[in-house]
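Report on the following structure.
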Amino acid sequence: MYRMGEEEVRRVRKVIQSGRMFRYYEGAECARFEKDWARHVGVKHARLTTSGTTALYAALVGLGIGPGCQVIVPSYTYMATALAVLAAGAIPVVADVDESLTLSPKDLERRITRHTRAVIPVHMVGLPCDMDKIMRIARRHKLLVVEDACQAVGGGYKGKKLGNFGHATGFSFNFFKNISAGEGGGFVTNDERAFLRGSVAVDCCAYYWNPEDKREDLQFAGHNFRANEFSGALLNVQLGRLADMLKRMRSHKQELLEVGIQAGLRSIKNNSLEHECGTHLGFCFRNEKTARAFCDHLRAQKVGAFLPMDTGRHVYTRWDPILRYQGAHHPALDPFKIPANKKCRVRYTKGMCQDSLDILNRAVLIGMHPDHTRSRIGQLARAIGGGAKAVAGN
Ligand SMILES: Cc1ncc(COP(=O)(O)O)c(C=O)c1O
């Protein structure tokens, strides 16, 4: 969350005063956000849910992913990406990231088997994946693509908004994201069937809100991950703030990237510098020792910097439920144990993505903020320049 203030307070107060907190019947906020979000992304359908996790789950269920399917996920993502695959009954297969810190197209292709049905490219820390290559591979192998744009809300790739490339896309609006309702999420798609099925998955009554809809394939037991009008109200205000915030962060990032390059640093691979979110600036170093020395230098100057390796459950080596093959609360429901997945189970080890560990241990990310002043940008530039000098030759 970057900006939240009086406008949000007014909007939520109005919902309370109206007494219309339920999104159906007379509620208008969730419906409005879904319409505006779909338009913002440039897709036909959007459905709000309670989180990014449930949004990804809905996208997978919507597209028919379930037992018998392998789904490739990158080694660097919050573990919810892989857990959403398990929630749908399928088996996650973990693939390396490259120096863009996003899914390596090369490793994606290497990990495809005859059981692979889908891939989830994750646009981590606001950085878009190499969607041209990923979509080419997906087409060649007839894979479904679910973009995980939970950390890249509002971002783009080569002039098109994220959410336009895959068959469906999940977003998160939790506290840490570009726009926020505290918790929240949503999925978008151009595929009407996926939209309707995904909607039932996250709202067991979704089918019945449209009594004219007589489709058999929509009459399955869903959950309730339905959004409420408070979230809708917050997000409607937040959406209005998004474009300006991202523009400012992109511009700060590009300026500071240039400072780093001039000082002799090497950038991570940016797949679409002009269109990404700009929330994080990243540099790559020769080894972990140099990366840590650079990071320590920045922190000593009160600059928020970190190694991707240190971000807890965002690296596969910390995805305990996966590494321990505990895929559900009950063994009879566990995708790792059910007969339908017998042929597509895989073995997980802490060393299965060595290239990722190497990269995540020698990259440094620096967080941007839309409210950085010129004076703060100057401080960041001096810290980056000083850090580059401190590690020069290492
Ligand atoms: C890449 C990624 N995917 C999925 C999620 C899950 O989103 P949520 O926390 O809203 O369930 C997150 C959340 O941090 C995330 O960063």
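For this chain, numbers begin at 1 and follow the sequence in order. Numbering of ligands and ligand atoms starts at 1, following listing order.
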Tell me: protein heavy atom nearest atom 16 (O) of ligand 1, and distance? Gln151 NE2, 2.7 Å

Protein heavy-atom partner closest to atom 12 (C) of ligand 1 - residue, atom, separation in Å: Tyr78 CD2, 3.5 Å

Which heavy atom of Arg226 sits nearest a heavy atom of Thr50, and at what distance? O-CG2, 3.5 Å

Hydrogens and angles aside, do His123 and Glu276 bring a side-chain donor and acceptor to less than 3.5 Å of each other? no

Should you measure from each heavy atom of Thr77, which atoms of ligand 1 turn up under 4.0 Å away? 1 (C)

Starting from atom 9 (O) of ligand 1, locate the nearest protein heavy atom and write down its residue, its atom name and how far away it is, to 0.1 Å. Asn174 ND2, 3.1 Å

Top protein contact for atom 8 (P) of ligand 1, by heavy-atom distance: Gly52 N, 3.4 Å

Which of the atoms of ligand 1 are close to Val122, meaning less than 4.0 Å from one of its heavy atoms? 1 (C)

What residue and atom, counting heavy atoms only, is the protein's closest point to atom 13 (C) of ligand 1, and at what distance? Lys177 NZ, 3.2 Å

Within the 3.5 Å criterion, strictly below it, is a donor on Gln254 or Glu258 matched to an acceptor on the partner's side chain? no

Number the atoms of ligand 1 from 1 as they appear, then name those within less than 4.0 Å of a heavy atom of Ala80, with their elements. 6 (C)

Between Tyr157 and Asp132: side-chain donor-acceptor atoms closer than 3.5 Å: yes

Starting from atom 11 (O) of ligand 1, find the nearest protein heavy-atom neighbour and note its residue, name and distance. Thr53 OG1, 2.5 Å

When you compare the side chains of Gln379 and Arg376, does any donor N or O come within less than 3.5 Å of an acceptor on the partner? yes

Is a donor from one side chain sitting under 3.5 angstrom from an acceptor on the other, for Ser356 and Asp96? yes

May I ask you to check whether over 12 heavy atoms, not counting those of Arg286, lie within 6.0 Å of atom CZ? no

For Thr81, atoms of ligand 1 separated by under 4.0 Å from a heavy atom: 3 (N)

Counting only N and O atoms by type, is there a donor-acceptor contact under 3.5 Å from the side chain of Asp334 to the main-chain atoms of Gly327? yes

Close aromatic pair by centroid cut-off 6.0 Å: Trp319 and Tyr348: no

Per-atom contacts of ligand 1 with Ser172, taking only distances under 4.0 Å to non-hydrogen atoms: 7 (O), 8 (P), 10 (O)

Name the closest protein heavy atom to atom 4 (C) of ligand 1, giving the residue it belongs to and the distance to 0.1 Å. Cys150 SG, 3.4 Å

Which atoms of ligand 1 sit under 4.0 Å from any heavy atom of Asp148? 1 (C), 2 (C), 3 (N), 4 (C)

